[in-house]
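Before any comments, here is the structure.
The analysis underlying the following values was restricted to heavy atoms, covering all of them including side chains, and did not include hydrogens, waters or symmetry mates. These numbers come from a predicted model, not from an experiment.
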Amino acid sequence: MIIPKLHYISQGNSPAEHLENIQKACTSGAELVQLRLKNLSEKKYLKIAQEAREITSRFQTRLIINDHYKIAKDVKADGVHLGKTDHCPTVVRKHLHTWQLIGGTAHTLEDCETLINKDVDYISLGPFRFTNTKTDLPSVLGLAGYADILKSLNTETPIIGVGGITTNDVVDILETGISGIAVSGAVTADFNCIKLFHELLAASSTAEQRHTFGSNTDSKPT
């Protein structure tokens, strides 16, 4: 299964605003959105996830649910994203449909290796730079951190950069071996930038070939 190179992580001051922004992201061409809500009851989260699934289905956009794997299964989302303190991917896999994706959050080489051993479908590695939503991490990775980790990993598991990334960063980030990026703030500030993100990410043809089944004459590895 191909993992889209651009992930939009939902943002908003209320659940309704998250849904509104997901709608805007889909309208602007997002191929994958992650519903990331905090401090909601299970019942309320399920309702919002169902609405997010309705929106994304209309646009054939993939939906990933943050943390709540049972809700991801209930609403038939395309997958679940697990944070470092969330459930073990190996355990979660047993509860999901066979076609659902599992993504995991990593900050170090060791985190990545652990997730790869647990057969996640993709890894979000960050933060690239400091963000207000990730204030508990000891350090940012930057380009040097990405390059060091990717060189040591040598994996075919897609590694997605995350954390304060803007369109100005994409070309340099791809050169480190990162497969794609997850963005929240930059896209929420201007949904029109999704088109530019897609254009910049399309330059990484080798990563796309690596994660595609079958032949792809437009993106042969160099």
Side-chain angles (χ1 to χ4, degrees), residues 1-105 115 118-124 126 131-134 158 160 162-163 180-195 197-198:
M1 183 181 291
I2 302 170
I3 308 295
K5 293 182 183 179
L6 179 65
H7 299 194
Y8 171 61
I9 303 173
S10 71
Q11 214 179 68
N13 295 317
S14 66
E17 206 168 291
H18 276 259
L19 291 173
E20 183 181 328
N21 287 335
I22 286 173
Q23 170 88 35
K24 290 177 180 176
C26 291
T27 303
S28 300
E31 295 179 348
L32 182 150
V33 299
Q34 180 190 138
L35 177 64
R36 187 177 187 274
L37 287 166
K38 299 295 180 183
N39 305 317
L40 277 189
S41 68
E42 198 88 1
K43 185 178 178 181
K44 179 71 171 175
Y45 207 120
L46 175 61
K47 181 177 181 295
I48 300 302
Q50 287 169 335
E51 292 183 47
R53 176 74 286 186
E54 288 176 17
I55 293 168
T56 54
S57 292
R58 289 201 298 272
F59 292 89
Q60 295 184 312
T61 300
R62 295 190 189 179
L63 175 66
I64 301 291
I65 303 294
N66 188 270
D67 299 352
H68 294 261
Y69 66 91
K70 292 178 182 176
I71 288 177
K73 183 176 183 179
D74 286 347
V75 303
K76 293 183 170 60
D78 294 273
V80 64
H81 186 88
L82 303 172
K84 288 184 66 174
T85 59
D86 295 328
H87 305 276
C88 173
T90 306
V91 175
V92 170
R93 181 76 71 187
K94 297 173 184 175
H95 293 274
L96 295 180
H97 298 292
T98 55
W99 46 266
Q100 287 180 304
L101 300 168
I102 295 180
T105 295
L115 289 170
K118 292 181 178 178
D119 290 326
V120 297
D121 296 288
Y122 72 90
I123 294 170
S124 287
T131 69
N132 291 327
T133 58
K134 293 288 183 182
I160 307 297
V162 65
I181 56 171
V183 185
S184 187
V187 168
T188 304
D190 179 13
F191 288 94
N192 290 324
C193 76
I194 287 176
K195 184 173 184 291
F197 271 118
H198 281 152

- Task: Look at D121 together with R93 and state whether they make a salt bridge at an N to O cut-off of under 4.0 Å.
- Result: yes
- Just jot down the side chain to side chain donor-acceptor pair (under 3.5 Å) partners of T61, sequence neighbours excluded, or say none. none
- Message: What I'd like to find out is whether the side chain of Q23 reaches to under 4.5 Å of the side chain of F191, using heavy atoms alone.
- Response: no
- Item | Rounded distance [0.5 Å steps], OG in S10 versus CD1 in I64 | 12.0 Å
- Message: Please enumerate all residues that pass side chain to side chain donor-acceptor pair (under 3.5 Å) together with K47, with sequence neighbours excluded.
- Response: E51
- Message: Could you check whether any side-chain N or O of K195 sits under 3.5 Å from a backbone N or O of G29, counting only pairs where one atom can act as donor and the other as acceptor?
- Response: no
- Task: Please identify each residue that fulfils side chain to side chain donor-acceptor pair (under 3.5 Å) with N21, with sequence neighbours left out.
- Result: none
- Provide the full list of salt bridge (charged side-chain N to carboxylate O under 4.0 Å, His left out) pairs with a residue in residues 11-35, sequence neighbours left out, each pair given once. E20-K24
- Message: Can you tell me how far apart OH (Y8) and CG (L35) are? Round to the nearest 0.5 Å.
- Response: 10.5 Å
- Query: Which pairs pass ring-ring contact (aromatic ring centres under 6.0 Å, His included) with one or both residues in residues 17-67, sequence neighbours excluded?
  - Reply: Y45-H68
- Message: Given D78, which partner from the list Q34, R53, R62, Q100 fulfils the side chain to side chain donor-acceptor pair (under 3.5 Å) test?
- Response: R53
- Item | Gap separating the OG1 atom of T105 from the CG atom of D86, nearest 0.5 angstrom | 7.5 Å
- Task: Calculate, to the nearest 0.5 Å, the distance between atoms CG and CG belonging to L101 and L63 respectively.
- Result: 11.0 Å
- Message: Within this structure, what is the CZ-NE2 distance for the pair R36 and H7, rounded to the nearest 0.5 Å?
- Response: 15.0 Å
- Item | Partners passing side chain to side chain donor-acceptor pair (under 3.5 Å) against Y122 (at least two apart in sequence or in another chain) | H81
